[in-house]
Peer 1: 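Supplied in structure tokens, the structure appears directly below.
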Amino acid sequence: MGMTMAEKILARASGRERVTPGEYVIARVDKIMGHDNSFLHAYEILQANGFTRVADPDRIVVVIDHRVPALNVKAADGHRKMRAWVKQLGIKSFYDVGMGICHTLMPEQGHALPGTLVVGGDSHTTTYGALGCASTGLGYSEIAYSMYKGENWFQVPETIRFEMKGRLGRGVTSKDLMLHIAGTFKAEVAQYKAVEFGGPVARDLSLSDRITMSNMGVEIGAKFAFFEADEKTLAYLRGRTDRPVRTFGPDPDARYLAVHEFDASALEPQVACPHFVDNVKPISAVGDVPVQQAFIGSCTNARVEDLQRAAAILKGRRVHSGTRLLLIPASQEVLAESVRNGVIQTFVEAGALISPPGCGPCGGGSTGILAPGETCISSTNRNFKGRMGSPESQLYLGSPETVAASAIAGRITDPRKYMA
Amino acid sequence: MSIVVTGKVWKFGDNITTDYMAPSFSQYSDWEEAKKTILHIHPQFPAGHRPGDVIVGGSNFGCGSSRETAPVNLKKLGIGCVVAESFGRIFFRNSITIAFPVLACPGVSAMFEEGDRLELDFDRSLVRNLTRGTERRGNPLPPQLIQIVQSGGLLALLKAEGQAAAR
Ligand code: SF4
């Protein structure tokens, strides 16, 4: 019997010939990622327990992205401590304020590779599944434990597979596809399970668009959210890593708990409505929703292609007078490329506000917070009550195109209206 | 040493997120202020709960972020345990890691009314409704995970390992 991607990776990482869903294994982790919440707390926890060393500093990646630039003394002091510890521990993969969001940097800087096992102190660590990497989120103490031991315990998950047939229509993106999956199959469909996204649509998607879906894998409960690592993956990684990388996928006779097959061709843009990610409607059913803030940012949808597609809608238009459009590119690399290709100019001319790379208001941690009674449409991944500020604010999720179109119209709007 | 928790039940529905237990809008408040925002989704809970109370949740309890502060905050309030239909994966792991008893027990919502008294026999994955005299077995945990909770958490276990090795 063949193995799924999750089974293959957990077998290798635990030194086993094969593993079966349900069993517990101790597995060596290839990379451990921590940011300015998780690394900070994780190392504090280690110190508080009398541990000052880590198993292997070369397997640790540290990013300051959540509260950047430091927005108060507490955040600044956390950053100061992190810089000192990174030096003291000899951690070389350190990305300071403004370099970008952890989940954007991990693939971009070649830390998340096909067939490897990665843990991160953040729930959206599932993101690197887009590159065929088994990656998942853990809490602070478990990041502490993983850093100290270089390994952790895992239950081998069952895998469910989404076979996506057909072709995405004009103005419909992988974000819409993922929202559609959340809305149709609901937030718990992959609880404790691994997901594999496959079929013609998965093959057609760019790496950036795959990242959007794997990023939101955790919103349907997934432990890992894989795409097969194919030629596109190898092309993406060229120049980003000097490690040998190979294509990687499940065995043809792998066993799945369920295979959900659907045709994505007829899909229209989708919107997640307050206050949960699986409260999804096709945009034509959303109704008239004025928005005070429109946000393009986060590890979900603020890469070069996302910004380009939003800019194509903004070009030659102005953001509505009652709405502010906030753009936060996901990394320094994204920002640099978006300056070169003219996208930043388009945003500025449309009247957008631009903040330096980082999480911004996505997790409610930094600038761009919502007041009571305000409504925001956002390209981020979660719309829980109070997530972006006041618990009395309303948060809708859509693709960067939908956010851009809504910013122009001042209300939630189908992006196809502005497409030539 | 077995872990048995009893307490008065607060009931919660499905999809209770970690953002409701550790809201980012309260992150710069001091504990006394932040405390009032924990599980604000339940209108009576913030003012009404007392140390020793317990929570019965619906499905996907603790979905969302990796914030370990979610179960840490419940523990700090003195909540004795959470028994739910099912849990968000990271919340569940975090709870075990910090030695906060949690049990997934399909059918538990229907078994309790708010205010009933619950008893959780953690090691045996057994939930009792002391008010109504009913009981139900939840999804058993493997002995390694029960041991983490019994040892006072994953870091306490690591510390004990280190001390044993040094001897
Ligand atoms: S962008 Fe949002 S979801 Fe992504 S890591 Fe930052 S806070 Fe989390």
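All values derive from a computational prediction rather than experimental measurement. All chains are named by letter (A, B, ...) in the order of the sequence lines, taking the proteins before the strands, and each is independently numbered beginning at 1.
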Peer 1: Distance from B:T69 atom OG1 to A:Y140 atom OH, nearest 0.5 Å?
Peer 2: 4.0 Å

Peer 1: Testing the 3.5 Å rule here: is there a donor-acceptor pair between the side chains of B:S86 and A:Q191?
Peer 2: no

Peer 1: Taking atom OH of A:Y192 and atom CZ of B:R93, what is their separation to the nearest 0.5 Å?
Peer 2: 11.5 Å

Peer 1: Would you say A:R387 and B:T17 are linked by a side-chain donor-acceptor pair, where the criterion is simply a distance under 3.5 Å?
Peer 2: no

Peer 1: Pick one of side chain, backbone, both or neither for B:I148, based on which atoms fall under 4.5 Å of a heavy atom in chain A.
Peer 2: side chain

Peer 1: What part of A:K74 gets within 4.5 angstrom of chain B, counting heavy atoms only: side chain, backbone, both, or neither?
Peer 2: side chain

Peer 1: Answer with side chain, backbone, both or neither: which region of B:L158 has an atom nearer than 4.5 Å to a non-hydrogen atom of chain A?
Peer 2: both

Peer 1: Out of A:N37, A:D122, A:N381, A:L138, return the one with the most heavy atom pairs under 4.5 angstrom to chain B.
Peer 2: A:L138

Peer 1: Any side-chain heavy-atom pair from A:R382 and B:S65 closer than 4.5 angstrom?
Peer 2: yes

Peer 1: If you count heavy-atom pairs within less than 4.5 Å of chain B, which of A:E219, A:K149, A:H124 leads?
Peer 2: A:K149

Peer 1: Less than 4.5 Å apart, any side-chain heavy atom of A:H41 and any of B:E68?
Peer 2: no

Peer 1: Between A:L46, A:I143, A:N72, which shows the greatest number of heavy-atom pairs under 4.5 Å with chain B?
Peer 2: A:N72

Peer 1: Would you mind listing every salt bridge (charged side-chain N to carboxylate O under 4.0 Å, His left out) that reaches into residues 97-118 of chain B, with sequence neighbours excluded?
Peer 2: B:D116-B:R132

Peer 1: If I take atom CG from residue B:N15 and atom NE2 from residue A:H275, how far apart are they, to the nearest 0.5 angstrom?
Peer 2: 13.5 Å

Peer 1: Is it the side chain or the backbone of B:S59 that comes within 4.5 Å of chain A heavy atoms, both, or neither?
Peer 2: both

Peer 1: At a 4.5 Å cut-off on heavy atoms, which part of A:L71 comes close to chain B: side chain, backbone, both, or neither?
Peer 2: side chain

Peer 1: Side chain from CB out, backbone as N, CA, C, O: work out which of these in B:Y20 comes under 4.5 Å of a heavy atom of chain A, or both, or neither.
Peer 2: side chain

Peer 1: For B:E85, which atoms come within 4.5 Å of any heavy atom of chain A: side chain, backbone, both, or neither?
Peer 2: neither

Peer 1: Yes or no on side chain to side chain contact (heavy atoms under 4.5 Å, CB included) for B:T97 and A:S141, after CA distance, side-chain angles and deciding distance?
Peer 2: CA-CA 7 Å; B:T97 298; A:S141 296; 3.4 Å; yes

Peer 1: Please round to the nearest 0.5 Å and tell me the distance separating atom CZ of A:F276 and atom CG of B:N60.
Peer 2: 5.5 Å

Peer 1: Is the side chain of B:N94 donor-acceptor paired with the backbone N or O of A:G139 at a distance under 3.5 Å, no angle test?
Peer 2: yes

Peer 1: Which residues in residues 363-376 of chain A have any heavy atom lying under 4.5 Å from a heavy atom of chain B?
Peer 2: A:G363, A:G364, A:G365

